[in-house]
Amino acid sequence: MTNQEIAQVLNEIGDRLDILGEDSFKVGAYRRAARVLEQEPYPAEALVAEGRLQELRGIGKAIATKVADLLREGRSPYLERLREQVPDSVTELLKVPGIGPRTAGRLWREMGISNLAELEAAARSGALRGKPGIGGKTEANILAAIERLRARPDRLPLFRVYDVARAVKERLRALPSITDADAAGSVRRWQPTVGDLDFVAASTDPPAAIRAFVQFPEVGSVVAQGETEARVLLSAGVQADLRTVHPEAYGSLLQHFTGSKEHNIQLRELASTKGLSISEYGVKRLSTGETKPCATEEDVYRMLGLDLIPPEIRHGSGEIEAAARHTLPKLVAHADIRGDLQCHTTYSDGSASVLEMALAAKDLGYDYLAITDHSPGRANAGGLTLERLQQQAAEVAEVRRQVPGITLLHGSEVDIRADGSLDLPDEVLARLDLVVAAVHSAMGQPRERVTARVLAAVRHPLVDVLAHPTGRLLGERDPIDLDLDAVFAAAAESGVALEINAGPSRLDLDGSLARQAHAAGVLLCVNTDAHATAHLASFMPWGVAQARRAWLTADDLLNCRPAPALMEWLAARKKRASARVGR
DNA sequence: GCCGTTTTCGGCCCGACTGTTTTCAGTCG
């Protein structure tokens, strides 16, 4: 059972305790333990076996015992007892913005409302009105919120909102009342999916900035508006908040609303041990009550004795301790990338020729590029027959002569077939410079089968890279049901590199899984899987951001190595493979 | 339920906005 699955159980326990009216700090403890586990790179299963689960901050005796029960029995007796007390559908009510646990619990206990349909019916008939704390306006808000909930998923892929986020940011920066503005929150942390957009601005006249913001053409409707902050629904279908402060406190504001929540909680705990208190307005010394606003984020962290923590790793998973010890890793940067190990051309489903891709990669200053078109089994994506692959080898050789100064590798993105065999014969794979294996079909196979299939590829002596390991497409296709711990262990053993696919709709592995892979001793690489020349440049930052979220340095990534080192790595794999295949 | 450089008990991050209230609870991030 993965840490994410355990976290789900703990979150559900939290939801149900909340509705039952349990102490909010007890509820918070379960939610916090869930967040901690979600970010924990080591499998909880291993930590339990070693008796070290309680070493995680936020997990004490009671929760550790419940997690151990869950892992041993495959179900949580405690959660099952709670499920008997609260019907499943009541937790649906929490998804309605404006309805929290208090209201949900009361609706259920006092009116017998136990799902969204009943809530909607009650609101329509006017039955809610007159209950303590609920008037006509709340009733209307509930109806509107249910409508929106039906129309939109609760989280959107980052790439779906990235452009509108940038447009709003630029519009804010252009306002005369604003001196600086950013998209903070999960956008700034490069989370693969976002719930809403958080804008922050430094303003000499906050009320004027707020008034201008709610009039932006991107804004569909105004949800809430005050003197210093506002919440709107953008026409693009995502909620956006703007918070403003005077410029001298902009660093405090930016830090505060970049989050994550867990990071900020830990930061404030640290502050309190130093007699300080942090808010979006500054750092307050409790002894004097004096607040010192911070103009930059560096100032905020420095006042706590910390190095500046990059937004991508603000998860509350060890970064604050590392910043205090001055041992934060030097995270990989876009400039560290020396080449790209997966791209497509017009030979299969790409839109550019081998020559065009090579020139584009050279323009980026890359040392190498691997051409990896699809294998024959992917006929619908123009997978190459053996004959076409042969032709392409000749063309690659020709382009090598035409474009000196970049190492062009001839490879294949070979299909891992439903039975775990590869879609090209060994003697063909052996002649390629680089073999990238990937699952593209039969993605609904049960866990054991699909895991065995991927393990077979990872252990195949001629495979160098496993591409987009989970196969998920953000907002479109769920990941395959893979036992990733087993895959990571096998990749660490066989030396196969796992891909962080930089395609904005993939981000696969994402930062959190890549961190787990790295902790298991796996080598990683960041590839764009470009299907056009423009993708080589525009996708890479998305992949690098995921690598940064995984705490990776340039040393941890195969394609940050200079060409000679990469060639050495490939040669060593070939040598080992021929020894094994020859036996 | 978790946690400890004043604490094994008594705290637990902080502030804005809304709606329904005459001073605040609930929600959100």
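Chain identifiers are assigned alphabetically (A, B, ...) following the order of the sequence lines, protein sequences preceding nucleic acid strands; residue numbering begins at 1 within each chain. Side chains included, hydrogens not; waters and symmetry mates left out as well; all remaining heavy atoms used.
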What integer number of Å spans the P atoms of B/dG29 and B/dT23?
-> 29 Å

Contact class for A/Thr228 vs. all strands (heavy atom < 4.0 Å): base, sugar-phosphate, or nothing?
-> sugar-phosphate

Which one, B/dG1, B/dC17, B/dC28, comes nearest to the side chain of A/Phe25?
-> B/dG1

Kindly point out which of B/dA16, B/dG1, B/dG29 is positioned nearest to the side chain of A/Gln239?
-> B/dG29

Select one nucleotide: of B/dC14, B/dA16, B/dG19, the one nearest the side-chain heavy atoms of A/Lys137.
-> B/dG19

Determine: side-chain N/O of A/Thr103 to OP1/OP2 of B/dT27, distance under 4.0 Å, yes or no.
-> yes

Residue among A/Lys95, A/Arg83, A/Arg31 satisfying salt bridge (charged side-chain N to carboxylate O under 4.0 Å, His left out) with A/Asp15 = A/Arg31

Out of B/dC2, B/dT18, B/dG19, minimum distance to the side chain of A/Thr138 belongs to B/dG19

Is the backbone N or O of A/Val222 less than 3.5 Å from a side-chain atom of A/Gln225, with the two atoms forming a donor-acceptor pair by type?
-> no

Out of B/dT27, B/dG1, B/dC17, minimum distance to the side chain of A/Pro101 belongs to B/dT27

Of A/Tyr281 and A/Val96, whose nearest nucleotide on DNA chain B comes first from the 5' end?
-> A/Tyr281

Inter-nucleotide P distance (B/dT20, B/dG15), Å rounded | 26 Å

Expressed as a whole number of Å, how far does the P atom of B/dT21 sit from that of B/dA25?
-> 14 Å

Are the side chain of A/Asp508 and the backbone of A/Asn501 linked by a donor-acceptor contact shorter than 3.5 Å?
-> no

Could you tell me whether A/Phe213 and A/Phe216 have their ring centroids closer than 6.0 angstrom?
-> yes

Please state how far atom NZ in A/Lys261 lies from atom C1' in B/dT27, giving the value in whole angstrom units.
-> 11 Å

Contact check, residues 56-66 of chain A vs DNA chain B, heavy-atom distance under 4.0 Å, returns A/Leu56, A/Arg57, A/Gly58, A/Ile59, A/Gly60, A/Lys61, A/Ala62, A/Ile63, A/Lys66

A/Ser279 side-chain proximity, nearest of B/dA16, B/dT27, B/dG15 | B/dG15

A/Asp23 has a side chain; which of B/dC12, B/dT18, B/dG29 sits nearest to it?
-> B/dC12

Given B/dC14, B/dG29, B/dC17, the nucleotide with the shortest approach to the side chain of A/Ala224 = B/dC17

Pairing partner (Watson-Crick or G-U wobble, both distances under 3.5 angstrom) of B/dG10 = B/dC3

